[in-house]
Amino acid sequence: ITNNKPTSLLGRSFTLFSCISVSVYVKVFTNSPFLVCMDLGLSQEEIIDPTYLWIGPDGKNLQGQTYVNLTATGKLMVKRFKESMSGAYTCTLSHKIIETDAQDETEVSEAYKFMVYAYREPDYTYKISVRFTTKECKLVANNKFFEELKRILDNILSDLACHVIEPSYKCHSVKIPKQSLLHELFITFQVNPFAPGWEEVCNHLPYDCEDETNKRARDRIEEFFNKQTYALKHDFQALPTIHYVDHSFEVTRIDSCRPGFGKNDITHNDCASCCVVCDPGTYSPNNEVTCRTCVRTQIKQYGAKSC
């Protein structure tokens, strides 16, 4: 905050200037909150002959622009906010202070700067880990079992327009207290809610498709492995050569951001969990979580996807 207040002389008009900066985060394709051209202290006072001048990130007057809602009391809303709309929105409030006793009229200007950033909720996948006991690590059936498990999991998820990605397994020898040495398959995979055709399915749904799809996928997979525990206890007299390790089901959420967006809990600590539009000079070409610095060329726009 800066504040300059020169001494006022009788009958003379002087400008008092202050500048206050605030960060605002707007979810893409939604309307911004109303930006108020006034601070809290001034809102409690009488204001004489107020005028408001809003300037957008491109340096142009926002009065009359179709993508904004500008009220008579100087409040600004930016409609259907997009990445390219990010930047500094500055309002200058001019008004008068009249000292009736001294017949002194002073012109006052207050400047308010809003750094407005587009953001998205992070995309995410679930990384799932399970373990199966096997007879030995060199068993030929291990790989066949793994391929069959992948097929079963994809079938479980097929109607949700999502699929299993990055499946892998490793076999390890495990020593458990008071038991002999065991051999276990450590299996990991991710559930991707964006399989081919997901947009067509999601466009007809009245809820957050990604969240709902991820939840359903997780629930179905967890139910499948819980059934393995039940089957081992009730359907088998002798344990199969390869069988599920009870309570080995673990889930980890992995966030990602769309191209042109990234997380930065230092620069954007008020929206640390958000995928915020990449600042000028940075870019994000893929679904990474952070924006990269571009050293080859000077990027002037927000939301760059390439350097």
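- More than 12 heavy atoms of other residues, nucleotides or ligands lie within 6.0 Å of CD in E45, so this atom counts as buried by the packing criterion.
- T73 pairs by the side chain to side chain contact (heavy atoms under 4.5 Å, CB included) definition with T71, K75, not counting sequence neighbours.
- Residues L185 and I152 are members of one and the same hydrophobic cluster, defined by side-chain heavy-atom contacts under 4.5 angstrom among Ile, Leu, Val, Met, Phe, Trp and Tyr.
- Sequence neighbours left out, the pairs with a member in residues 283-292 that pass side chain to side chain donor-acceptor pair (under 3.5 Å) are E288-R292.
- The disulfide bond (SG atoms under 2.5 Å apart) pairs that include a residue from residues 213-269 are C257-C275, where partners are two or more places apart or lie in different chains.
- The distance from atom CD1 of I47 to atom CD1 of I97, rounded to the nearest 0.5 Å, is 10.0 Å.
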Mind listing the side-chain donor-acceptor pairs of residues 299-307 below 3.5 Å, one per line with the distance, residues two or more places apart or on another chain?
none

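- From T90, atom OG1 reaches atom CE of M115 across 8.5 Å, with rounding to the nearest 0.5 Å.
- Applying the side chain to side chain donor-acceptor pair (under 3.5 Å) test to pairs two or more places apart or on separate chains, those with a residue in residues 144-157 are E147-K150, E148-R151.
- If you take CG on L157 and CZ on R218, they are separated by 14.0 Å, rounding to the nearest 0.5 Å.
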Expected list for residues 221-229: side-chain donor-acceptor pairs under 3.5 angstrom, two or more places apart:
from : atom 1 : to   : atom 2 : distance (Å)
N226 : ND2    : E222 : O      : 3.3
Q228 : NE2    : F224 : O      : 3.2
T229 : OG1    : D246 : OD1    : 3.1

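- Heavy atoms from other residues, nucleotides or ligands lying under 6.0 Å from CD of Q298 number 12 at most.
- The cluster map of Ile, Leu, Val, Met, Phe, Trp and Tyr, joined by side-chain heavy atoms under 4.5 Å apart, puts V251 and V164 in the same cluster.
- Every pair passing ring-ring contact (aromatic ring centres under 6.0 Å, His included) that includes a residue from residues 25-47 is listed here, sequence neighbours excluded: Y25-Y117, Y25-H268.
- A search for salt bridge (charged side-chain N to carboxylate O under 4.0 Å, His left out) contacts involving K263 returns D255, not counting sequence neighbours.
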Give every donor-acceptor pair under 3.5 Å between a side-chain atom in residues 126-139 and any protein atom, sequence neighbours left out.
from : atom 1 : to   : atom 2 : distance (Å)
R131 : NE     : E184 : OE1    : 2.8
R131 : NH2    : E184 : OE1    : 2.7
T134 : OG1    : N142 : OD1    : 2.7

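- For CD of Q65, the number of neighbouring non-hydrogen atoms (other residues, nucleotides, ligands) closer than 6.0 Å is greater than 12.
- Listed by first and then second residue, the ring-ring contact (aromatic ring centres under 6.0 Å, His included) pairs involving residues 35-72 are W54-F114 (not counting sequence neighbours).
- S180 is linked by a side chain to side chain contact (heavy atoms under 4.5 Å, CB included) to nothing, counting only residues two or more places apart in sequence or in another chain.
- I55 and V36 fall into different hydrophobic clusters, where Ile, Leu, Val, Met, Phe, Trp and Tyr residues are linked whenever their side-chain heavy atoms come under 4.5 Å apart, directly or through other members.
- Hydrophobic clustering (side-chain heavy atoms under 4.5 Å, transitive across Ile, Leu, Val, Met, Phe, Trp, Tyr) groups F189 together with F146.
- Around atom NE2 of H234, more than 12 heavy atoms belonging to other residues, nucleotides or ligands sit under 6.0 Å away.
- Sorted by first and then second residue, the ring-ring contact (aromatic ring centres under 6.0 Å, His included) pairs involving residues 68-88 (not counting sequence neighbours) form an empty list.
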